2 protein chains.
Amino acid sequence: MPRGRSQDSSSSPTKSKAQKLERRSAIIEAAIDTFAQRGFHHARVSDVARQAGIADGTIYLYFKSKDDLLISLFEEKMEHIVETFRSEVSCYKTAQERLKCFLELHLKMVAERPALAEVMTVELRQSAKFMREYKAPQFGAYLALLGDIISYGQERGEVRSGIDPLLTRRIIFGALDELSLYWVSSKRPLHSLERVIEELWALCSTGCFIQK
Amino acid sequence: MPRGRSQDSSSSPTKSKAQKLERRSAIIEAAIDTFAQRGFHHARVSDVARQAGIADGTIYLYFKSKDDLLISLFEEKMEHIVETFRSEVSCYKTAQERLKCFLELHLKMVAERPALAEVMTVELRQSAKFMREYKAPQFGAYLALLGDIISYGQERGEVRSGIDPLLTRRIIFGALDELSLYWVSSKRPLHSLERVIEELWALCSTGCFIQK
DNA sequence: CACTACTGAATGAATAGTCATTCAGTATAA
DNA sequence: TTATACTGAATGACTATTCATTCAGTAGTG
């Protein structure tokens with residue numbers, strides 16, 4: 001009969017669940033850096049392993065394949081992003097504030113975690129076919145969140161009723177995504193983050209053209 | 001000293017320049033279909049060859065490498081697109097008409113040549129790092145054309161002067177690109193092409209929100 | 001405590017499969 | 001016959017994945 005185990009709730013004798021999760025995370029973080037630097041296809045599994053400070057084979061104890069690593073990375077990070085954004089956005093009352101909040105969160109995340117942004121925008125977009133097969137439920141949730149803001153605005157009478165939330169959420173996402181790519185790609189951005197947000201916000205709220 | 005050659009300005013005795021260009025084109029068209037279907041990385045050179053009805057090695061008589069084929073494909077198609085768009089757009093006087101024309105041309109091209117659109121949006125975006133090294137001058141020309149429409153609108157007093165053409169061209173391109181991806185990806189699109197154009201045009205001209 | 005048996009996480013050399021690319025040979029035209 | 005275009009089997013480089021082995025740490029025993 002085993003004595004009381006230190007502070008570990010699992011029955012695993014050698015490695016706690018927390019330690020395992022930590023290592024799993026370490027691999028994901030290493031993958032983000034490596035994929036961002038060399039691109040998914042050019043990055044070797046052994047590069048990720050070296051970056052994580054572990055052996056090649058160890059990655060396969062945590063992920064089924066290199067593809068599975070990419071997908072897990074995307075889904076898990078995206079899930080976290082969706083949760084955060086949803087709760088932040090809901091602090092505001094008006095749809096205008098909510099949309100502005102969303103744009104800011106997206107672009108600030110890009111500025112703060114450029115490697116993650118690079119993987120999520122470039123490397124994954126690249127594999128759109130690949131993602132299509134795996135459905136990318138969290139990407140769907142992200143789009144849905146954006147669409148909900150628009151529908152909410154329509155309910156409140158803030159947003160023109162003629163607008164189709166399904167199309168408009170794509171338009172806004174596309175704009176955000178391209179701005180992110182632009183921001184991440186340029187070594188020394190010509191525009192401040194605030195300026196970028198301002199510009200996109202201006203387009204969303206009033207369009208380009210001077211009203212007659 | 002060669003006898004008077006039929007209609008061929010080159011000195012090639014066996015194959016006319018026109019025939020060579022035709023075969024080169026055939027390879028590019030085959031590559032578009034193949035890359036669109038399987039994705040650039042998963043497409044084998046031998047797939048492209050089979051699709052073109054030629055032997056694997058023949059491709060290397062026309063292109064340095066598989067990468068070179070992708071880049072040539074992109075640059076040549078894009079060059080043609082830029083020329084066409086530039087001349088079409090310049091038929092209109094106002095910036096509003098010009099912008100609307102541009103949006104229509106882009107989305108109609110996507111609808112007419114989905115495989116080409118797929119390769120240009122998905123497969124190339126994927127290789128953003130790859131393209132960054134190769135500069136993609138024709139992509140720059142495409143963006144410039146869009147930016148020129150905006151600047152032109154500012155000169156004419158149609159477009160708000162506070163707008164930055166460099167940012168706004170990215171925003172609009174991102175929206176177009178995402179809508180293209182959406183259109184190309186959905187087997188049976190929920191929205192008509194006209195509806196998509198209408199929606200993007202509405203956002204560009206007046207934004208989402210009801211003016212107070 | 002001291003000893004043995006056991007566990008399973010981690011390793012990394014070896015395997016296995018995939019393709020881009022080459023090139024020796026064939027066909028064709030002049 | 002010579003130059004050119006083409007062919008497609010063979011090559012060779014690359015790398016994801018596997019798996020026999022190691023070993024640090026835990027449990028059981030007296």
Side-chain angles (χ1 to χ4, degrees), chain A residues 1-27 30-31 34-35 38-73 123 127 130, chain B residues 1-8 10-27 30-31 34-35 37-73 123 127 130:
Chain A
M1 181 72 40
R3 292 166 298 115
R5 272 160 268 94
S6 41
Q7 69 285 67
D8 179 4
S9 71
S10 93
S11 61
S12 161
T14 50
K15 193 133 198 176
S16 73
K17 200 154 222 165
Q19 281 175 307
K20 283 196 175 184
L21 280 178
E22 208 168 321
R23 172 143 290 190
R24 189 187 156 87
S25 274
I27 295 171
T34 309
F35 293 166
R38 307 167 94 96
F40 176 69
H41 275 284
H42 291 103
R44 276 157 291 179
V45 171
S46 59
D47 292 333
V48 177
R50 184 163 359 96
Q51 176 79 20
I54 58 173
D56 301 7
T58 306
I59 288 177
Y60 291 87
L61 299 176
Y62 292 85
F63 301 94
K64 278 200 294 293
S65 64
K66 190 185 175 190
D67 284 1
D68 181 49
L69 173 55
L70 179 64
I71 291 177
S72 303
L73 180 171
E123 298 307 326
S127 320
F130 171 82
Chain B
M1 182 69 42
R3 291 166 299 114
R5 274 158 267 95
S6 42
Q7 70 285 69
D8 176 5
S10 93
S11 62
S12 161
T14 51
K15 194 136 195 175
S16 73
K17 197 153 223 167
Q19 280 176 309
K20 284 196 174 183
L21 280 179
E22 207 169 321
R23 172 145 287 188
R24 188 187 156 88
S25 272
I27 295 171
T34 309
F35 293 166
Q37 209 154 62
R38 308 167 93 97
F40 176 69
H41 274 284
H42 291 104
R44 278 156 290 180
V45 171
S46 59
D47 292 334
V48 177
R50 183 162 2 93
Q51 176 80 22
I54 58 173
D56 302 7
T58 306
I59 288 177
Y60 290 87
L61 300 175
Y62 292 85
F63 300 94
K64 279 201 294 291
S65 65
K66 191 186 176 191
D67 284 1
D68 181 47
L69 173 55
L70 179 64
I71 291 177
S72 303
L73 180 171
E123 298 308 326
S127 318
F130 170 81

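No experiment lies behind these values; they were computed from the predicted model shown. Protein chains get the first letters and strands the later ones, always in sequence-line order, with residue 1 at the start of each.
- For K20(B), a side-chain nitrogen or oxygen approaches OP1 or OP2 of dA5(D) to under 4.0 Å.
- Within 4.0 Å (heavy atoms only), I54(B) reaches sugar-phosphate atoms of the nucleic acid but no base atom.
- For R50(B), no side-chain nitrogen or oxygen approaches OP1 or OP2 of dG8(D) to under 4.0 Å.
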Distances under 3.5 Å only, N/O to N/O: pair up the protein atoms with those of nucleotides 9-13 of chain D.
none

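- Between L61(A) atom CG and dC19(D) atom P the separation is 13 Å, expressed in whole Å.
- Atom NE2 in H42(A) sits roughly 12 Å away from atom P in dC14(D) (whole-Å rounding).
- Between H41(A) and H41(B), the angle of the ring planes stays under 30°, which puts this pair in the parallel group of the 30/60° scheme.
- Of all nucleotides listed (dT22(C), dC19(C), dC6(D)), dT22(C) comes nearest to the side chain of Y60(B).
- With sequence neighbours excluded, no residue forms a side chain to side chain contact (heavy atoms under 4.5 Å, CB included) with S25(A).
- Closest approach of K66(B) and A43(B) over heavy atoms only: NZ-O, 2.8 Å.
- The distance between atom NE2 of H41(A) and atom C1' of dC14(D), rounded to the nearest whole Å, is 15 Å.
- In this structure, the nucleotide among dA5(D), dA16(D), dT21(C) sitting nearest to the side chain of S65(B) is dT21(C).
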Tabulate below the donor-acceptor pairs under 3.5 Å that side-chain atoms of residues 45-54 of chain A make, not counting sequence neighbours, or state none.
residue : atom : partner : partner atom : Å
D47(A)  : OD1  : R50(A)  : NH2          : 3.2
D47(A)  : OD2  : R38(A)  : NE           : 3.2
D47(A)  : OD2  : R44(A)  : N            : 3.0
D47(A)  : OD2  : R44(A)  : NE           : 3.4

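- Rounded to whole Å, the distance from CD on Q19(B) to P on dC6(D) is 9 Å.
- Comparing dC6(D), dG12(C), dT17(D) by their nearest atom to the side chain of A55(A) picks out dG12(C).
- Taking atom CD of residue E22(B) and atom P of nucleotide dA5(D), one finds them 15 Å apart after rounding to whole Å.
- The side chain of K66(A) lies closest to dT17(D), out of dT17(D), dT7(D), dT11(C).
- Using a 4.0 Å heavy-atom criterion, one finds that A49(A) contacts no nucleic acid atom at all.
- Using a 4.5 Å heavy-atom cutoff, the side chains of D67(A) and F40(A) are in contact.
- Taking atom CD1 of I27(A) as the reference point, atom C1' of dA16(D) lies 15 Å away to the nearest angstrom.
- Residue S65(B) comes nearest to Y60(B) through the heavy atom pair CA-CE2, 4.0 Å, listed as atom of the first residue, atom of the second, then distance.
- The shortest side-chain heavy-atom distance between T58(B) and R23(B) falls under the 4.5 Å cut-off.
- The CG-P distance, from L69(A) to dT15(D), rounds to 17 Å in whole Å.
- Straight-line distance from the CG atom of D67(A) to the C1' atom of dT15(D): 14 Å, rounded to whole Å.
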